[in-house]
Q: 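Below is one structure. I have some questions about it.
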Protein chains: 2
Amino acid sequence: MSGQAVTAELLAVIVALVDGRPSVLTLGEPPRLPSGPLLPSHRSLQAATRAWVEEQTGRSLGYLEQLYTFADLDREGDGGRPMSVSYLGLTTPGSPGIGGWRDWYSFLPWEDTRTDTRLLTDVIAPRLWQWVDADTGERAERRRRVQITFGLSGETWQPELVLQRYELLYESGLVPESPDSWRGADAELVPGDRMAGDHRRVLATGLARLRAKIGYRPVVFELMSPAFTLRQLQDCVEALAGRAVHTQNFRRLIEQQDLVEETGEVHAGTGGRPARLYRFRRQVLHERHVAGTTLPTTRSR
Amino acid sequence: MSGQAVTAELLAVIVALVDGRPSVLTLGEPPRLPSGPLLPSHRSLQAATRAWVEEQTGRSLGYLEQLYTFADLDREGDGGRPMSVSYLGLTTPGSPGIGGWRDWYSFLPWEDTRTDTRLLTDVIAPRLWQWVDADTGERAERRRRVQITFGLSGETWQPELVLQRYELLYESGLVPESPDSWRGADAELVPGDRMAGDHRRVLATGLARLRAKIGYRPVVFELMSPAFTLRQLQDCVEALAGRAVHTQNFRRLIEQQDLVEETGEVHAGTGGRPARLYRFRRQVLHERHVAGTTLPTTRSR
DNA sequence: CACCCTTATGCTACAACTGAGCAAAACCCC
DNA sequence: GGGGTTTTGCTCAGTTGTAGCATAAGGGTG
């Protein structure tokens with residue numbers, strides 16, 4: 001019983017803020033996530049991922065966290081079962097080396113509910129309801145899932161359910177990577193760029209983890225430049241969470257947690273009152289278990 | 001660049017409540033966690049883990065969640081790098097098949113702060129301070145870590161920092177599995193049973209995850225029998241979290257979340273007023289994103 | 001059976017936090 | 001100088017969290 005030999009592949013969701021938009025590092029066309037095999041020289045999986053990403057981007061990663069490992073039989077590949085260990089990394093843009101930054105909402109456009117939810121209400125919802133009604137046996141179960149994951153019929157939209165939403169679209173045959181057999185006769189697909197293999201699914205996993213994480217750990221700052229205004233920080237959080245937050249309460253939250261300190265300088269030229277510049281107090285990472293950035297949600301949607 | 005061939009091993013932290021004590025399934029002596037290789041017949045990693053555990057325990061797992069994957073070079077083993085994918089599973093005791101249930105606090109006794117913290121204050125803390133002072137260069141850094149992870153000098157004890165605490169004890173040479181070179185000349189070890197290999201570390205990872213999880217998902221119920229009193233539920237949560245909670249507030253929390261419903265029966269014979277029996281409302285898992293069991297902490301310690 | 005001990009359950013007071021909105025301050029542009 | 005924009009300070013009500021008092025309902029004992 002000595003076990004099957006497998007080859008291990010590292011897969012990285014590398015996130016940075018490019019021109020204020022949360023973006024993910026991709027290579028090639030169709031876009032794929034940076035990846036590389038585990039080599040004998042690599043000390044650990046994390047070290048291997050760091051090595052691959054730094055080689056491909058020329059930048060060092062501030063933050064790197066393991067996401068998930070899978071080795072399903074039905075994934076493509078022959079000659080040994082492929083095993084993928086995925087990671088989530090945060091960095092600042094710089095030059096992406098080969099490859100390029102792509103707005104992650106170009107892959108998952110329905111996840112951006114900051115200003116406009118027409119894509120959800122006018123396009124996706126009706127097609128999902130169609131799918132709900134397509135199976136009389138499963139109907140009740142399907143309806144519940146749609147309601148909860150997409151926050152329809154009275155439920156609240158929950159930003160962290162990224163993966164569940166993607167899986168629902170996958171199962172309902174609304175994304176091109178769904179098995180042909182699941183696709184309805186004349187069901188139109190949902191907007192959003194496709195990625196190679198199951199990489200869009202991995203991206204959804206990363207986004208879900210990141211949205212959950214900013215709520216209880218101060219990781220946003222890994223994406224910010226050394227000095228920033230509170231508005232820029234808020235924009236960043238809003239971009240990640242895909243929803244708007246209440247400005248004054250956001251400031252209160254950040255300040256009372258002592259997450260930042262003033263640099264003394266101000267940032268002018270935005271057409272309004274100049275904003276004070278702040279820097280992240282890196283010490284808080286050590287001081288105590290800080291609460292991260294629980295979003296003061298703005299309930300109006 | 002075809003990647004190194006590795007063998008994948010599944011490692012499971014299986015938790016159940018045995019006589020009211022949170023216990024973990026172990027095999028052999030020194031105790032090790034149930035494990036098994038990934039075989040070609042296994043559909044997925046999760047399916048492989050289920051298969052192994054169910055074969056070894058004769059019971060089916062209610063809940064199974066991936067913990068972490070590692071493939072460090074320095075782990076023992078030759079002939080291909082060993083890669084371990086660890087899982088956390090919850091179940092009810094029944095017959096453990098081969099193997100046996102062991103109170104998890106026998107491996108990590110300092111994590112149980114429900115009634116007595118003398119182990120921490122009288123035994124562990126002094127030895128840690130000794131370690132802090134042993135390196136003049138690192139002293140400040142070491143002091144901070146000890147203060148935060150063990151909640152000393154004014155900081156609060158944080159139940160979820162299980163892994164960080166174990167790592168600190170490991171680094172400070174206070175557990176037998178620490179490299180010999182780290183062990184102080186005459187430093188005495190800290191109480192707690194050893195496990196095979198790095199399994200105690202994996203156990204700590206599982207405990208940390210479980211403690212974090214009960215705060216935001218109703219997973220405790222996987223460990224309870226079908227009908228239970230609120231006191232039994234509270235005991236379970238306290239045992240997992242390793243700390244006492246405020247009874248009245250705990251009940252209010254559970255009730256107002258509609259997590260349970262009365263069975264109509266009562267449980268007498270405890271020497272006091274008989275308690276009503278409840279059952280878990282499994283439907284809530286589907287209804288909405290329920291908040292789990294945020295512990296109404298009792299601050300007095 | 002009267003009394004005490006134990007456990008279960010109900011309820012209230014108070015502190016802390018959250019969501020929401022008003023308003024003034026400080027810049028830009030015309 | 002006036003209107004628009006962004007930043008910042010502050011209030012206020014509703015909710016949630018912490019803590020403790022009090023009563024209910026059993027068992028055991030003299």
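Below, all heavy atoms of this structure are taken into account, side chains as well, without hydrogens, waters or symmetry copies.
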Q: Just the atom pairs and distances: protein N or O near nucleotides 1-4 of chain D's N or O, under 3.5 Å.
A:
residue : atom : partner  : partner atom : Å
D/dG4   : N2   : A/Gly271 : O            : 3.1

Q: Output, in order, the C-alpha distance, side-chain angles, deciding distance and verdict of salt bridge (Lys or Arg N to Asp or Glu O under 4.0 Å) for B/Asp193 and B/Arg102.
A: CA-CA 11 Å; B/Asp193 294 345; B/Arg102 303 242 340 227; 2.7 Å; yes

Q: Between B/Glu222 and B/Arg282, does at least one N-O distance fall below 4.0 Å, as a salt bridge requires?
A: yes

Q: Between the base of D/dG17 and the side chain of B/Asn249, is one N or O donor paired with an acceptor at under 3.5 angstrom?
A: no

Q: A/His267 NE2 to C/dA26 C1': how many Å, rounded?
A: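 Answer to the nearest Å: 15 Å.
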
Q: D/dG17 P sits how many Å from B/Glu255 CD, rounded?
A: 15 Å

Q: Under 6.0 Å from the six-membered ring centre of B/Trp157 and within 45° of its axis: does the NZ or CZ of B/Arg165 meet both?
A: yes

Q: Separation of A/Gln256 atom CD from C/dC17 atom P, in whole Å?
A: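 Distance, rounded to whole Å: 6 Å.
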
Q: Between the base of D/dG17 and the side chain of B/His246, is one N or O donor paired with an acceptor at under 3.5 angstrom?
A: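 Side chain to base: no pair present.
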
Q: Taking the six-membered ring of B/Trp101 as reference, does the NZ or CZ atom of B/Arg21 fall below 6.0 Å from its centre and within a 45° cone about the axis?
A: no

Q: How many whole angstroms separate atom CD of A/Gln234 from atom P of D/dT6?
A: 12 Å

Q: May I ask you to verify whether the side chain of B/Arg252 and the base of D/dT18 hold a donor-acceptor pair under 3.5 Å?
A: yes

Q: Under 4.0 Å between a side-chain nitrogen and a carboxylate oxygen: does that hold for A/Arg276 and A/Glu262?
A: yes

Q: What's the separation between atom CG in A/Leu152 and atom CG in A/Leu128, rounded to the nearest 0.5 Å?
A: 7.5 Å

Q: Should B/Arg211 and B/Glu111 count as an ion pair when the cut-off is N to O under 4.0 Å?
A: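 Here B/Arg211 pairs with B/Glu111 in a salt bridge, since their nearest N and O are under 4.0 Å apart.
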
Q: Taking any heavy-atom pair under 4.0 Å as a contact, classify A/Ala268: base, sugar-phosphate, or nothing.
A: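 Nothing: the residue A/Ala268, judged by heavy atoms under 4.0 Å, touches no strand.
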
Q: Could you check whether A/Arg144 pairs with A/Glu141 (Lys NZ or Arg NE/NH1/NH2 to Asp/Glu carboxylate O, under 4.0 Å)?
A: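 Salt bridge between A/Arg144 and A/Glu141, a charged N being under 4.0 Å from a carboxylate O: yes.
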
Q: Contacts to DNA chain C from residues 224-232 of chain B, heavy-atom cutoff under 4.0 Å, which residues?
A: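 The stretch gives B/Arg231 as the residues lying under 4.0 Å from the strand, ordered by number.
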
Q: Within this structure, what is the CD1-to-C1' distance between A/Ile254 and D/dG9, rounded to whole angstrom?
A: 17 Å

Q: Starting from the 5' end of DNA chain C, give me the residue, A/Gly269 or A/Gln248, whose nearest nucleotide shows up first.
A: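 Result of the comparison: A/Gln248.
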
Q: Rounded to the Å, how far apart are A/Phe250 CZ and D/dT6 P?
A: 17 Å

Q: Can a salt bridge be assigned to the pair B/Glu261 and B/Arg279 using a cut-off of 4.0 Å between side-chain N and carboxylate O?
A: yes

